[in-house]
Amino acid sequence: MAGGFRVLPLLILCSLFQGILGEEHQPNRPTERISGSAGDVLEDDPVGRLKVFVYELPSKYNKKILQKDPRCLNHMFAAEIYMHRFLLSSAVRTSNPEEADWFYTPVYTTCDLTPNGLPLPFKSPRMMRSAIELISTTWPYWNRTEGADHFFITPHDFGACFHYQEEKAIERGILHLLKRATLVQTFGQRNHVCLKDGSIVIPPYAPPQKMQAHLIPPDTPRSIFVYFRGLFYDVGNDPEGGYYARGARASVWENFKNNPLFDISTEHPTTYYEDMQRAVFCLCPLGWAPWSPRLVEAVVFGCIPVVIADDIVLPFADAIPWEEIGVFVAEEDVPKLDTILTSIPIEVILRKQRLLANPSMKQAMLFPQPAQSRDAFHQILNGLARKLPHEESVYLKSGQKILNWTAGPKGDLKPW
Amino acid sequence: MKPSLLTSQPSRRGSHRQADSGLGGEGGGGAASAAESVFRSPTAAFWIVIHGVCCVISVFLGFRFSRVVFVLLFSPSSTTTISSVFTSVPALHAAVTNTTTTTTQMRALVLASSPPPPPEAEQNSMKSRVVVGRHGIRIRPWTHPDSEETMRAHWIIERVQREQRLQHGVRSPRPLIVVTPTYARTFQTLHLTGLLHSLLLVPFPLTWLVVEAASSRSNDTAAFLARSGLHFLHVPFPHPMPEDSRYWRTTESRMRLHALRVVRDRGMDGIVVFADDSNVHSMELFDEAQRVKWMGAISMRILTHITGLSTSRGEDHKSPVPIQGPACNSSGHLVGWHTYNPLPNTGATFIGAGKTVLPAKMEWAGFMLNSRLLWREAKEKPDWVRDLDEVGKKGEDIDSPLCLLEDASFVEPLGNCGRKVLLWWLRAEARYDSNFPTGWTLEPVLEATAAANHSARIDASPELPSNSKLMAGNQDSRNNNIST
């Protein structure tokens, strides 16, 4: 009793002090709502806003390829397969093509793997062309718009340019037949041939169960300042350095290998996921292509991504305000990376962490099986829905032809 | 139109130059691309020939013969700079891998034989500043960390961790009351300093209740606590620590009970944590203490001297790691206790010249209880706790904190049901004949016979022979001091 009496005036005094000093006057919200340039659209539900018709292609375009090599389900290009499966059982699917807003062609172009697991793009243009020929002759909807209300998933390194090497990809350009279609791809770089206007940039596939299995308690203190694991020099293909990653990764290594704040190395530990959850910043530099699953991992594990890739376009850029969430460092500023990171104001860092803690943000980067609401599948559909309604110019008048079916390298014209 | 077979992107180079100079670059770029499309097929054939020649040469030489040689011979283009200062012109040619197998690991670089004719729209509107090709590796002159930045980074980390604690840790932390029995001995200051530094790191409001056995040298502890910077309560215990080490433990238990009575009489609110001065505590222990409802127990590892005690080796086979703590069943309920099984003659044994204290069957250190358990009247006070005055009244041996309870099954197991070890019991004491000074100053002051050497040491520059003589002189004087 006596103790209780004494506590009460103490409590009043304490609350007064809190009000006067007000050190942390903002409420300790763990997360914050995310709204991008298109508005607060991350949590939209696409069901009811669009209808998708899925073409029934012969299984040589999808199932047989997958049967030949089931590794395609686990690599970072697996989004094309999982998107097909999602659409087959989704509520936006319609079996009446007349009422469909969008048409989907399930062709797995990134499933021809080397023994090491890397996809070969050499047959992909022919496969895609063959599929388009099939749908244009079997159904009238392709010719109606020449593909402008069709979308394709091309998750390869440089999207629909179908080559792993950037110079070759630029030389090829986007497959001519896909000129009017909407491309859903992982590659995004401004002013680049392989990023078409109106494309939807998606995150690469990262296995959600594997990441969930390595979660550690959120009160584990973050004690690593900057974390990165990966190659700095690609000795096999670019021994002199300077070509791989435009020299940015090599620059990170040379400048910061002696810096104890930077936990960077090429060794891949078994605690990779746990370490990311104990880091404040995670580097996401470009490699041979600007995108990588590292961004997805950083977002899922709450580590602020430090994106070092000039002019990159990040996934769902209209729904997610990436400048507020990640740190963007120009490739020429890499030697000053430590200065840049340590001079970010602490409120900005805490706000970024709050935004990353938003579960919608993490969900939007993942492709869970079975699909859950607000995941990447739904964000793709949201993106497609935002492009509706189609303009009148999309529908061609009778006899009007825009696509040149013989354009492109001669090798692409061979039947697949 | 130089016959520069190896220029990879002259169109991009043209657009790059366009940024610097006016229209001339664009014209040049256009012309170059037009000209080179003419050369396309003969260039390709010529290229294959060169490739074959290089392969043959490589076979004979035994190492890779790079086509870069031809670049250096024919093309006066700029070279790669992997130097400390980056120049803004990107170099042109790519390294060549002379692979003879065709179905290899992809990503093998193939030299671009001719530039792509860019679409006109691109050249005018999409002036990308990102150029494909070889870039220099930018390295700054001083690649070591700057100390100010390191400090700022550590401050950022600390602030982030504080925010984490606020988000995920305890919302309204309860104050802690740390009960430490202590007595005057050689290592007292050492142990108390260690415990003090652990307690300074605890992020919750804390009161350090130090119960000290009566002794002649009682001012040291009070002075120490006053300097500590913690909120403390120095409680004197009326009886001194007995000389016979067998009774140390009972006296300490009585000291702790005395402290608990103080907690009750002052009506202190919070969680009582028993921390012995010689133990090592993990910070997570104090985080777990916040989760105590009435009484909790955590696992404690016992570090004892086991060398030289042959009987304990048998015990080591049974339990390689002596741990005291709660034992849980699979559903997380308390079913029993892991205890340390001490030797028959408990108390202390002589090991060498040192006297060690072995842990009891159940040490106080791993327990923590809500101070309201001790209050005479507290709402919702459970009935399985005994009245504090009853405990020890009949002079019984209070050997464990479970004596405070009627029913020991209500103790909450903490630290992931006892799986986490948050505390290490360790009793390291000095040799019984040691004469450790209590402070930094040696008393009495060095005698006057050392004064001449002393002043010489300050004035003279360090010359080796005289220095060693001085060192020897000081050594002697110090030895003299100890023996007196």
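Within every chain, numbering begins at 1; the chains are lettered A, B, ... in the order of the sequence lines, protein sequences first and strands thereafter.
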Enquirer: Can a salt bridge be assigned to the pair A:Asp238 and B:Arg134 using a cut-off of 4.0 Å between side-chain N and carboxylate O?
Expert: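 Salt bridge flag = yes for B:Arg134 with A:Asp238.
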
Enquirer: If you look at every heavy atom in A:Pro221 and B:Gln164, which pair is closest and at what distance?
Expert: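 Of all heavy-atom pairs spanning A:Pro221 and B:Gln164, the closest is CA-OE1, 3.4 Å.
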
Enquirer: Under 4.5 Å from any heavy atom of chain B, what part of A:Tyr233 do you find: side chain, backbone, both or neither?
Expert: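 The answer is the side chain of A:Tyr233.
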
Enquirer: Roughly how far, to the nearest 0.5 Å, is CZ of A:Arg222 from CD of B:Glu163?
Expert: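 Rounded to the nearest 0.5 Å, the CD-CZ separation comes out at 12.0 Å.
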
Enquirer: Look up atom CH2 in B:Trp155 and atom OG1 in A:Thr342, then write down how far apart they are to the nearest 0.5 Å.
Expert: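 Taking CH2 in B:Trp155 and OG1 in A:Thr342, the distance rounds to 12.0 Å.
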
Enquirer: Considering residues, nucleotides and ligands other than B:Met283, do more than 12 of their heavy atoms fall under 6.0 Å from its CE?
Expert: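 Yes - once you tally the heavy atoms of other residues, nucleotides and ligands closer than 6.0 Å, there are more than 12.
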
Enquirer: Before you tell me yes or no, could you show the steps for A:Thr339 and B:Glu149 under side-chain hydrogen bond (donor to acceptor under 3.5 Å, both in side chains), namely the whole-Å CA-CA distance, both residues' side-chain angles and the distance that decides it to 0.1 Å?
Expert: CA-CA 7 Å; A:Thr339 315; B:Glu149 281 169 10; 2.8 Å; yes

Enquirer: Is atom NZ of A:Lys123 surrounded by more than 12 heavy atoms (other residues, nucleotides or ligands) closer than 6.0 Å?
Expert: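 At most 12 heavy atoms, drawn from other residues, nucleotides or ligands, come within 6.0 Å of this atom.
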
Enquirer: Of the non-hydrogen atoms in A:Leu341 and B:Ile156, which two are nearest, and what is the gap between them?
Expert: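 The pair with the smallest heavy-atom distance is O-CD1, 4.1 Å.
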
Enquirer: Just how far is it from atom OG1 of B:Thr150 to atom CG of A:Asn259, taken to the nearest 0.5 Å?
Expert: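 If we round to the nearest 0.5 Å, B:Thr150:OG1 and A:Asn259:CG are 6.0 Å apart.
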
Enquirer: Using the salt bridge (charged side-chain N to carboxylate O under 4.0 Å, His left out) rule, take A:Asp338 and B:Arg140 through it: C-alpha gap first, then chi angles, then the decisive distance, then the call.
Expert: CA-CA 12 Å; A:Asp338 53 351; B:Arg140 66 188 195 200; 3.1 Å; yes

Enquirer: Hey, could you give me the CG/OG1 distance between A:Asn258 and B:Thr143, rounded to the nearest 0.5 Å?
Expert: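 A:Asn258 CG to B:Thr143 OG1: 5.0 Å, rounded to 0.5 Å.
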
Enquirer: Heavy-atom distances under 4.5 Å only: say whether A:Gln353 touches chain B with side chain, backbone, both or neither.
Expert: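 For A:Gln353, the side chain is the part near chain B, not the backbone.
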
Enquirer: Using non-hydrogen atoms only, which part of A:Ser343 is less than 4.5 Å away from chain B: side chain, backbone, both, or neither?
Expert: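 Contact with chain B is through both the backbone and side chain of A:Ser343.
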
Enquirer: CD1/B:Ile137 to CZ/A:Arg246 distance, rounded to the nearest 0.5 angstrom?
Expert: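 The CD1 atom of B:Ile137 sits 14.0 Å away from the CZ atom of A:Arg246.
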
Enquirer: Does the side-chain contact (heavy atoms from CB on, under 4.5 Å) test come out yes or no for B:Arg138 and A:Val334, once each step is laid out?
Expert: CA-CA 8 Å; B:Arg138 296 170 176 89; A:Val334 166; 5.9 Å; no

Enquirer: Between A:Ala250, A:Pro218, A:Ser223, which has the largest tally of heavy atom pairs under 4.5 Å with chain B?
Expert: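 Top option by heavy-atom pairs under 4.5 Å: A:Pro218.
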
Enquirer: Counting heavy-atom pairs under 4.5 Å with chain B, which one of A:Leu350, A:Val252, A:Asn255 comes out on top?
Expert: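 Option with the top pair count is A:Asn255.
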
Enquirer: Which distance, rounded to the nearest 0.5 Å, do you find between the CZ of A:Phe281 and the CD1 of B:Ile157?
Expert: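 These two atoms lie 9.5 Å from each other.
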
Enquirer: Looking only at non-hydrogen atoms, find the nearest pair between A:Ile346 and B:Arg159 and report the distance.
Expert: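 Heavy-atom minimum between the residues: CG1-CG, 3.3 Å.
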
